[in-house]
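Okay, structure first, notes after.
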Amino acid sequence: MAMKKSSPVMDGTAPTTAKLLRMLETSPRQFREQQLGEKNDPAFHEYLNKLMEKQEFYAPDLIVGACISKTYAYQFINGERLPGRDIILRIGLTMKLNLDEVQRLLTLAGKSVLYPRIRRDAAVLYRIKKKMTLDETNSFLEDLGEEPLL
């Protein structure tokens, strides 16, 4: 008879939900490092700049393509602030990033990832996977009666 490996949940060694919530409230950074394994994650601007370099995508192209003000764009490109969720989605569509890259940008900025059970998110997800433009995505969202990204 094969022996089953015991999981932390089954053998009682896993932290309880209440303990995890206390850890999250008292030390969010330590919680991320210990529970989510995010210790070596780059900063948002570092990852964005790496993607821009890899695709030879320059800041002026991003500013025009994603319809972002120059001042605001350079603030998050240089790491002075984090962009909003819709701005990140506009960046992803403009740069034709894949879904993993967009989700990673959202995570690094502390924003919620695209969730397919949310109608607007599902529409944006679909458009990212199909490599559609920002304008095409906005038209699609408007046709669905959802808030556009611009």
Side-chain angles (χ1 to χ4, degrees), residues 7-9 14-150:
S7 73
V9 173
T16 64
T17 301
K19 183 177 179 181
L20 289 172
L21 287 172
R22 276 194 306 279
M23 287 171 57
L24 181 57
E25 290 170 356
T26 57
S27 180
R29 171 173 254 143
Q30 184 179 10
F31 176 83
R32 270 198 345 255
E33 291 173 2
Q34 289 178 352
Q35 300 299 319
L36 303 177
E38 295 181 9
K39 189 173 188 173
N40 297 321
D41 280 349
F44 173 86
H45 74 282
E46 293 170 337
Y47 186 64
L48 176 61
N49 284 308
K50 180 179 142 191
L51 291 172
M52 289 171 64
E53 185 178 316
K54 180 176 100 176
Q55 292 191 2
E56 296 182 9
F57 210 92
Y58 302 102
D61 301 323
L62 185 65
I63 291 166
V64 171
C67 301
I68 305 169
S69 82
K70 183 178 178 179
T71 305
Y72 183 51
Y74 279 104
Q75 287 175 341
F76 63 77
I77 288 170
N78 294 327
E80 297 167 18
R81 68 185 295 186
L82 293 170
R85 187 173 191 260
D86 281 0
I87 298 289
I88 296 169
L89 296 175
R90 287 163 36 187
I91 290 167
L93 288 160
T94 300
M95 292 179 63
K96 301 246 186 250
L97 299 176
N98 67 41
L99 184 57
D100 290 339
E101 291 165 335
V102 173
Q103 298 286 50
R104 179 111 163 120
L105 281 173
L106 288 166
T107 300
L108 292 173
K111 310 300 181 202
S112 60
V113 295
L114 291 168
Y115 185 61
R117 288 189 180 226
I118 298 172
R119 184 180 168 151
R120 182 175 187 253
D121 283 5
V124 173
L125 253 159
Y126 174 76
R127 302 313 269 190
I128 289 170
K129 286 186 126 339
K130 293 291 184 182
K131 299 284 186 199
M132 298 295 174
T133 66
L134 177 57
D135 288 337
E136 291 170 328
T137 302
N138 276 327
S139 294
F140 186 67
L141 288 169
E142 288 174 349
D143 289 348
L144 292 174
E146 296 292 335
E147 189 71 28
L149 296 171
L150 289 173

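These figures come from a predicted structure and were not determined experimentally.
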For the pair R104 and L97, evaluate side-chain contact (heavy atoms from CB on, under 4.5 Å) and give the outcome as yes or no after the intermediate values.
CA-CA 11 Å; R104 179 111 163 120; L97 299 176; over 6 Å; no
Heavy-atom check, side chain of L62 versus side chain of I77, under 4.5 Å
yes
Would you confirm whether Q103, through its side chain, and L114, through its main-chain N or O, come within 3.5 Å as a donor-acceptor pair?
yes
Got a second to check how far N49's CG is from K54's NZ, nearest 0.5 Å?
13.5 Å
Tightest non-hydrogen contact, residues I91 and A66, listed as N-CB, 4.3 Å
Taking the side chain as every heavy atom from C-beta outward, state whether E101 and K96 have any atom pair closer than 4.5 Å.
no
Would you check if the side chain of D121 reaches a backbone N or O of Y115 as a donor-acceptor pair within less than 3.5 Å?
yes
Starting at CG of L106, measure out to NZ of K111 and round the result to the nearest 0.5 Å.
9.5 Å
Does E56 CD have over 12 foreign heavy atoms under 6.0 Å away?
no
I87 side chain near F76 side chain, heavy-atom distance below 4.5 Å
yes
On a heavy-atom basis, which atom in L150 and which in C67 lie closest, and how many Å separate them?
CD2-CB, 3.6 Å
When every non-hydrogen atom of P83 is compared with those of Y72, the smallest separation belongs to CA-OH, 3.1 Å
Minimum heavy-atom separation for A109 to L82, with atom names?
O-CD1, 3.5 Å
Kindly give the heavy-atom pair with the smallest separation between Y58 and M52, and that separation in Å.
C-CE, 3.8 Å
Above 12 or not: heavy atoms from other molecules or residues under 6.0 Å from CZ of F57?
yes
Minimum heavy-atom separation for T133 and E136, please, with both atom names.
N-OE1, 2.8 Å
Knowing that exactly one of D41, L105, T107 qualifies, which makes a side-chain contact (heavy atoms from CB on, under 4.5 Å) with Y47?
L105
Between CG of L125 and CZ of R120, what distance do you get to the nearest 0.5 Å?
12.0 Å
Given side-chain contact (heavy atoms from CB on, under 4.5 Å), test R127 with F140 step by step and report yes or no.
CA-CA 9 Å; R127 302 313 269 190; F140 186 67; 3.6 Å; yes
Are any of the side-chain heavy atoms of L93 and K131 separated by less than 4.5 Å?
no
Does R85 use its side chain to pair, donor to acceptor, with the backbone of V113 at less than 3.5 Å?
yes
Without swapping roles, check the side chain of N78 against the backbone of Y74 for a donor-acceptor pair under 3.5 Å.
yes
Using a 4.5 Å cut-off on heavy atoms from C-beta on, say whether the side chain of E147 contacts that of N138.
no
How far apart are the C-alpha atoms of I118 and E146, what are their side-chain angles, what is the distance that settles it, and do they pass the side-chain contact (heavy atoms from CB on, under 4.5 Å) test?
CA-CA 11 Å; I118 298 172; E146 296 292 335; over 6 Å; no
In chain order, what residues pass the side chain to side chain contact (heavy atoms under 4.5 Å, CB included) check against E46, with sequence neighbours excluded?
P42, A43
